[in-house]
Amino acid sequence: MPKWAMVIDLDRCTGCGACNVACKMENNVPIVDPDEAQNGRAMFWMDMVATYEGEFPHTEAKHVPKPCFHCDDPPCTKVCPVGATYRNPEGLVGQIYHRCIGCRYCMAACPFTAKVYNWYDPKWIDGAQVANPDVSQRMVGVVEKCSFCAHRLQKVKETADVEGREIQENEYVPACMENCPADAIVFGDIDNRNSKVSRLSRSYRVFRYMDDLGVKPKVYYLARRTSS
Amino acid sequence: MPIFAKCRRNSGLNNHGFLRYRSSMTLSSSPSKRSFLCRSAVLLLAMMVGCALTSDDRKIQPIVYSHKSHIENAGLTCTDCHSSVQTLAAASIPNLEVCRNCHSESLSESPEEAKLLKYVAKAAEVPWERVYKVPDHVYFSHRRHVVAGRLECEVCHGNVQQFTMPVSLPEIPVTMENCMSCHRKHNVTNDCLSCHR
């Protein structure tokens, strides 16, 4: 059984935000009005965390793309009272929206604030966003998050099964990786030692956020300087 | 494994999928419809003896289309009309173009065919009602079940080639428990993320 993981190379990432946009479009993540976004209700599955260091004019911006880390020992699933979020055998942390009761325990438990809450029914800006039929639209009152584009895996698995073969490397590709112009995102089966993710996850540049918590995130970052 | 134990219990909520479906049919019949049913009870009794399901959940199709006559007399197979059943997730309902191949002129005396010919003359699609439907948060693929799983259509849709009336009620209601119980039988995964999206 494969175990899906992601590597994000911060030395390649330019902070352009293509992954954020691609993710929003792919996963029908609603666009929140600017006023509400100011209140901290902006919704991203793939967020861009920006930090600025130094005194003007010698400032340096650091951009870190942040999806759900699909932890191997996820804290969010342990607090869910209804089993709406769980870790599946392939290491994906699933969120079943129709099972979710919107208690938001999982949001509080997530150390990476990867989960977002639907304060409203989805609203579409005419012409700007057309819903992707492969992903359901969430309703008001449920928690959602990055799924590593699991709907793409459903189709990839099916094609591989119909053709009677294994899933090839780079067949199952999430939208953020597909749209990254700098090829900073690498995705694949980390249990296969020959895959690119597996090789990169053993790089000397690798680090994981809050590794001391022991939640074992499956999103690895690469950077020559370690981030604080 | 506590999560999976939990999930198993959740799906148990849907254990009575079929029962729930039947009872919801009676609950959803509104008072006005019920009194209408009472008034026409004599008529109903006369006409529908032995037909237990006189429910409002029955879909009324615009044309009384017979699968039987097209398969037995016209010699068609399921894939001639439901053309994407082996290649895509959706089987597809045939559009007017398919019917027009044969029904560009009258083939029988049937008044139902006359209705079809009216649609053909107007070049307007026949507004068929969908009977089987999974909600948008579930991924169901015919290719997966028909090609990879080698299942016959009958298992899920009943003996369609003998239907002289259009499909109006699902043979097996599309509920999560019905999906899962067959998966259990065939040793197929019941991981939530394999169906839900």
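Chain letters run A, B, ... following the sequence lines, proteins first and then strands; every chain starts at 1. The shown structure was predicted, so the numbers you read here are calculated from the model rather than taken from an experiment.
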Steps toward salt bridge (Lys or Arg N to Asp or Glu O under 4.0 Å) verdict (A:Arg138, A:Asp121): CA-CA 7 Å; A:Arg138 280 75 57 183; A:Asp121 268 322; over 6 Å; no
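- The side-chain tip of A:Lys24 points at the ring of A:Phe44 from less than 6.0 angstrom away and within 45° of straight on.
- Using cut-offs of 30° and 60° on the angle between ring planes, the pair B:His145 and B:His183 is parallel.
- Using modelled atom types and a 3.5 Å distance limit, the side chains of A:Lys145 and A:Thr85 yield no donor-acceptor pair.
- With sequence neighbours excluded, the residues that form a ring pair (Phe, Tyr, Trp, His ring centres under 6.0 Å) with A:Tyr117 are A:Trp119.
- In the model, B:His142 has no side-chain atom that pairs as donor or acceptor with a side-chain atom of B:Gln86 under 3.5 Å.
- No donor-acceptor pair under 3.5 Å is formed between the side chain of B:Arg58 and the backbone N or O of B:Leu169.
- Both the backbone and the side chain of A:Asp134 have a heavy atom closer than 4.5 Å to some heavy atom of chain B.
- Not a single ring pair (Phe, Tyr, Trp, His ring centres under 6.0 Å) links B:His82 to another residue, sequence neighbours left out.
- The existence of a salt bridge linking A:Glu158 and A:Lys155 is excluded, since no basic side-chain nitrogen approaches an acidic carboxylate oxygen closer than 4.0 Å.
- Side-chain contact check for A:Thr159 and B:Arg143: at least one donor-acceptor pair (N or O, by modelled atom type) lies under 3.5 Å.
- Of all residues spanning residues 129-141 of chain B, those with a heavy atom less than 4.5 Å away from chain A's heavy atoms are B:Asp136, B:His137, B:Tyr139, B:Ser141, arranged by number.
- Interface residues of residues 166-177 of chain A toward chain B, defined by a heavy-atom distance below 4.5 Å: none.
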